[in-house]
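Data first, discussion second: the structure below is written as structure tokens.
First listed ligand is number 1; within each ligand, the first listed atom is number 1. What's counted below: heavy atoms across the whole structure, side chains too, no hydrogens, waters or symmetry copies.
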Amino acid sequence: MRRKTKLIHGGITGDEKTGAVSMPIFQVSTYKQEGVGKHSGYEYSRTGNPTRHALEELIKEIEGGHAGFAFGSGMAAITAVLMTFNQGDHIIFTDDVYGGTYRLVSKVLNRFGLDATFVDTSDMEKIEAAVTDKTKAIYIETPTNPLLKITDLEKVSNFAKEKGFTFIVDNTFSTPYWQNPIDYGADIVLHSATKYLGGHSDVVAGLVVVNSAQLAEDVHFVLNSSGGVLGPHDSWLLMRGIKTLGIRMEEIESNTKAFVDFLSELPEVTNIYYPGLENHKGHDVHHKQARGYGGMISFDVGSGERADQVLRNVRYFTLAESLGAVESLISVPAMMTHASIPKERRGELGITDGLIRVSIGLEDIEDLKEDFLDALRK
Ligand SMILES: *Cc1c(COP(=O)(O)O)cnc(C)c1O
């Protein structure tokens, strides 16, 4: 099955009993048992629910893994994956990891003795230098948020294998339509499905795909023990979103390329971060491991005041956190998504006050260009 077909016919489609073409929403918490311990595969919906299971089978197939799991948010998915580790374990993270992940690791999980080092994972030497005798995993994002830094999946995976570390990839930005980290040796892939997978700014969800039976058992044990599962209705919404992932990503790709060309001509705009630009650091690596560049662009408009002016005056770009929707979204990372990172550290990372991040949607590209230009030159 090719990729676009798999998005529609993968996983468990429809219902055999009734012929329903769409997977029914099993709005149910518990299941009648024939005898004690004799059941049809479902006992209680925290442990497993047929609608959620259909989604889990679908994401497993489109990422090419061994098993999939659906959680109530991306952060719940990340929490569950990190809770498979033990007190005293050490994990190496990408330095400009999603702000919520940074907060979880540095303000919550540290209290339970999970140790972390944040390094620029686009640089293998920095990863090697961060290894301790307690290191158990490497956790990366590629491209990153918001500077679109690229990490070489194959190189990091080979290093992780050699050392016996688990290699975890947050694949939210690229989506499984453009990038499948398991093909390059990742052990665990996770998603904030709130973004491109759902795609319509109407559901908060997280997905995990693992590449082995042992990891599947470990993640399911935490899922069932801690209970941050996705409900049946949201599972169904996500499956509906995933059916159009291919066509949305293709259209977003061409809109984004056109918007980057447009930005490149504006004297007010500097430092365009987009992996599709040939002078973008990591462009070649990204090109090798992904089939598309995605819909995220960051760029500098010079100052926090000008960024604020743009954000107050755009009409078609919605000022909002989040990304990956049919609507184009715009934000200032320093004030919004990355506000939980101390200013000093933001400076080190290159997240300036004038840095704008856009997530290109499905509007007519001419409207987006006009809108942005009007707001910039108001
Ligand atoms: C949004 C996001 C998350 C967190 O997901 P939620 O669904 O908001 O909990 C994690 N990683 C990345 C890259 C994200 O963009």
Side-chain angles (χ1 to χ4, degrees), residues 55 59 63 69-83 91 93-109 116 118 121 139-151 153 168-179 181 186 188-209 223 226-231 234-235 237-238 241-242 245 249 252 273 275 286 290 294-298 318 320-325 327 329-333 336-341 349 351 357-361:
L55 167 66
I59 190 65
E63 278 292 15
F69 302 98
F71 293 86
S73 70
M75 289 320 304
I78 294 166
T79 302
V81 165
L82 295 180
M83 278 166 55
I91 301 179
F93 287 84
T94 299
D95 55 3
D96 55 350
V97 76
Y98 177 70
T101 305
Y102 181 79
R103 180 174 55 198
L104 172 72
V105 171
S106 62
K107 296 218 166 113
V108 181
L109 294 178
F118 296 86
T121 52
Y139 178 117
I140 69 138
E141 288 177 27
T142 181
T144 61
N145 175 29
L147 297 179
L148 291 310
K149 280 205 266 184
I150 307 299
T151 290
L153 292 171
I168 306 165
V169 180
D170 180 335
N171 200 30
T172 302
F173 268 41
S174 272
T175 81
Y177 187 71
W178 291 135
Q179 179 172 278
I188 302 179
V189 173
L190 47 88
H191 287 279
S192 168
T194 312
K195 316 293 169 53
Y196 289 108
L197 293 173
H200 295 74
S201 307
D202 55 11
V203 57
V204 172
L207 295 171
V208 175
V209 180
L223 171 146
S226 60
V229 296
L230 191 65
D234 285 350
S235 296
L237 273 174
L238 213 46
I242 289 172
L245 180 69
M249 294 316 290
I252 285 172
Y273 300 94
H286 183 87
M296 303 303 300
I297 317 164
S298 295
T318 306
E321 298 202 2
S322 199
L323 59 107
E327 305 87 8
L329 302 175
I330 192 163
S331 67
V332 178
M336 299 169 67
T337 45
H338 289 61
S340 56
I341 297 178
L349 296 172
I351 302 169
R357 187 191 82 177
V358 295
S359 164
I360 299 292

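- No part of Ala76 comes within 4.0 Å of ligand 1, judged by heavy-atom distances.
- Atom 4 (C) of ligand 1 has Tyr98 CE2, 3.4 Å as its closest protein atom, hydrogens excluded (heavy atom only).
- An N or O contact shorter than 3.5 Å is missing between Ile78 and ligand 1 by distance.
- Between Val204 and ligand 1, no N or O atom pair is found at a separation short of 3.5 Å.
- Scanning all protein heavy atoms for the shortest distance to atom 2 (C) of ligand 1 gives Lys195 NZ, 2.5 Å.
- Of all atoms in ligand 1, listed by their number and element, those nearer than 4.0 Å to a heavy atom of Ala205 are 7 (O).
- Put simply, the side chain of Ser359 never gets that close to the backbone of Leu329: no donor and acceptor are under 3.5 Å apart.
- At under 3.5 Å, a nitrogen or oxygen of Thr194, whether backbone or side chain, sits near a nitrogen or oxygen of ligand 1.
- Checking only distances, Glu141 never comes within under 3.5 Å of ligand 1, N or O to N or O.
- Although no hydrogens or angles enter the test, the distance criterion places no donor-acceptor pair under 3.5 Å between the side chain of Thr94 and the main chain of Val97.
- Using a 4.5 Å cut-off on side-chain heavy atoms (C-beta onward), Pro181 and Glu63 make contact.
- Heavy atoms of Ser322 come nearer than 4.0 angstrom to ligand 1 in no pair at all.
- Tyr139 has its side chain within reach of Ile78: a pair of non-hydrogen atoms, C-beta onward, lies under 4.5 Å apart.
- Nearest protein neighbour of atom 9 (O) of ligand 1, counting heavy atoms only, is Met75 N, 2.9 Å.
- Side-chain atoms of Thr172 do not come within 3.5 Å of backbone N or O of His191 as any donor-acceptor pair.
- Atom 13 (C) of ligand 1 has its nearest heavy-atom neighbour, among Leu190, Leu197, Asp170, Leu104, in Asp170.
- For atom 5 (O) of ligand 1, the choice among Ser73, Ser192, Gly99 with the nearest heavy atom turns out to be Ser192.
- Closest heavy-atom approach to atom 6 (P) of ligand 1 among the candidates Gly324, Gly72, Gly74: Gly74.
- With respect to Ile59, the side-chain contact (heavy atoms from CB on, under 4.5 Å) criterion is satisfied by exactly one of Leu190, Leu238, Leu207: Leu207.
- At least one side-chain heavy atom of Ile150 sits less than 4.5 Å from a side-chain heavy atom of Pro275.
- Counting only distance, with no hydrogens or angles, the side chain of Thr144 and the backbone of Lys149 share a donor-acceptor pair below 3.5 Å.
- One N or O on the side chain of Gln179 and one on the backbone of Thr142 form a donor-acceptor pair closer than 3.5 Å.
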